[in-house]
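Counting starts at 1 for both ligands and their atoms, following the listed order. Start at 1 with the first residue, then count along the sequence.
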Amino acid sequence: MKVVSEISELKKIIQEWKQQKETLGFCPTMGTLHAGHMDLVHHSKKQCTKTIVSIFINPTQFNDPKDFEAYPNNTEADLKLCEENGVDLVFLPSVGVMYPKTETPIQMSIPSLQKTLCGRTRPGHFEGVLQIVSKLFHLTEADYGFFGLKDYQQFRVISSLVDELNFPMKIVGVPTKREDDGLAMSSRNLRLSKKDRETATLIPRMFQLAKKTLLGGEKNITVWKEILSDFLLTGTNIKIDYLEVVHPITLQPITELKGNVLLATAVFVGEVRLIDNEIFVCPE
Ligand code: AMP
């Protein structure tokens, strides 16, 4: 496995692989890697001949500096996991490499997809995501980009970027990998206290309840959301950032429980912000 930190080193390897007609799969990450990230790698390895992982905690996508500072960092273990899972190349740039001081800042946004869900309470987040993935897509010249559906809004924003701006690549969404108790795997889970980790299991259980009530005939979105938020909040230290029902493609709020709907949530368990989502097919 090759590990490089400089753009010139990365480009040299990419050029060679392009000449050899390799198919390049790319999995961008912020490190502290877990089995969810490795699922992206496994999808890439099935579809592509070379798999690239980037590990970069991107400062421009953190609207809260405290969140950026608290973000875990685990390079040694990350590289070991990548090696064990057959990654071909890890790109591990510094902030100075990705954002040289001479750079003129560019701001990108896809307003309709960004003004809902996480975009509402994390101003600037998706602008930062669009900026970093655009740079990384160009640097890696990837044929495929693999993204987790856990970050569903991110997946939609990036899919739209690639479609609308004709990036010569395909975006693949990878299903959410979960712990045995259903909690979506996340680097942030490490920051949960033992008690908060237990409380966090209410999130996947809330999605089970959502399914049960929907199959039980609930048709009213407001009532549905109330049942679910009560379930999360009663007797817990959970704070709901949002609990929304939106169209899975446009991410716009919907008024009827009809067809495919995306139920998405972000909650604070103690200090830690966790997100999860599921697409439901509403019964006729
Ligand atoms: P992050 O390091 O959190 O920025 O995540 C990097 C990539 O891994 C993103 O595409 C995430 O959606 C994906 N990812 C993170 N957690 C999971 C998970 N539990 N299951 C599947 N993909 C995930």
Side-chain angles (χ1 to χ4, degrees), residues 25-48 51-64 67-68 70-75 77-79 81-82 85 87 90-93 95 98 113 117-118 122 125-137 140 142 144-162 169-192 197 200-201 203-204 207 251 262 264-266 272-279:
F26 177 44
C27 314
T29 80
M30 298 207 297
T32 309
L33 302 179
H34 50 65
H37 296 111
M38 289 307 116
D39 262 12
L40 307 184
V41 167
H42 300 153
H43 274 75
S44 172
K45 285 183 69 71
K46 265 192 217 138
Q47 213 154 344
C48 305
T51 292
I52 307 161
V53 168
S54 64
I55 301 177
F56 180 62
I57 306 175
N58 175 34
T60 71
Q61 72 189 66
F62 285 83
N63 54 310
D64 176 359
D67 193 24
F68 175 61
Y71 205 86
N73 189 325
N74 235 336
T75 311
D78 288 349
L79 292 178
L81 201 60
C82 286
N85 283 273
V87 172
V90 178
F91 182 46
L92 200 68
V95 173
M98 290 316 291
L113 295 179
L117 309 178
C118 289
R122 299 190 72 190
H125 170 67
F126 288 110
E127 284 83 349
V129 168
L130 286 166
Q131 179 184 26
I132 192 65
V133 297
S134 300
K135 286 169 79 95
L136 291 170
F137 286 168
T140 57
Y144 291 86
F146 295 87
F147 288 84
L149 295 175
K150 178 177 87 76
D151 300 273
Y152 186 85
Q153 187 174 17
Q154 172 172 277
F155 165 73
R156 280 294 307 130
V157 165
I158 291 166
S159 300
S160 174
L161 168 83
V162 164
M169 65 186 301
K170 286 202 164 60
I171 298 300
V172 180
V174 177
T176 303
K177 180 95 172 168
R178 296 176 181 281
E179 304 286 356
D180 289 344
D181 60 12
L183 182 66
M185 287 187 181
S186 165
S187 312
R188 291 168 191 264
N189 295 351
L190 285 179
R191 287 169 51 203
L192 292 166
R197 174 64 186 79
T201 62
I203 305 167
F207 281 95
L251 304 188
L262 176 81
T265 192
V272 184
R273 187 176 182 278
L274 301 175
I275 59 172
D276 205 344
N277 68 79
E278 195 170 329
I279 293 178

For this session: At a heavy-atom distance under 4.0 Å, which protein residues reach ligand 1? Sort them by chain and number, would you?
Result: P28, T29, M30, H34, G36, H37, L40, Y71, F147, G148, K150, D151, Q154, P175, T176, K177, M185
Problem set entry | Those residues that, when tested against Q61, pass side chain to side chain contact (heavy atoms under 4.5 Å, CB included) (two or more places apart) | M30, N58, H125, V129, I132
Seminar exercise, completed: dist I158:CD1 -> F147:CZ (nearest 0.5 Å) comes out at 4.0 Å
Exercise. Does atom NZ of K170 have more than 12 heavy-atom neighbours, drawn from other residues, nucleotides or ligands, at distances under 6.0 Å?
Worked result: no
For this session: Apply side chain to side chain donor-acceptor pair (under 3.5 Å) to N85 and list each qualifying residue two or more places apart in sequence or on a separate chain.
Result: H42
Exercise. Going by the angle between their ring planes, with limits at 30° and 60°, are F137 and F26 parallel, tilted or perpendicular?
Worked result: perpendicular
Problem set entry | salt bridge (charged side-chain N to carboxylate O under 4.0 Å, His left out) contacts in which one or both residues fall within residues 172-184, not counting sequence neighbours | R178-D276, D181-R197
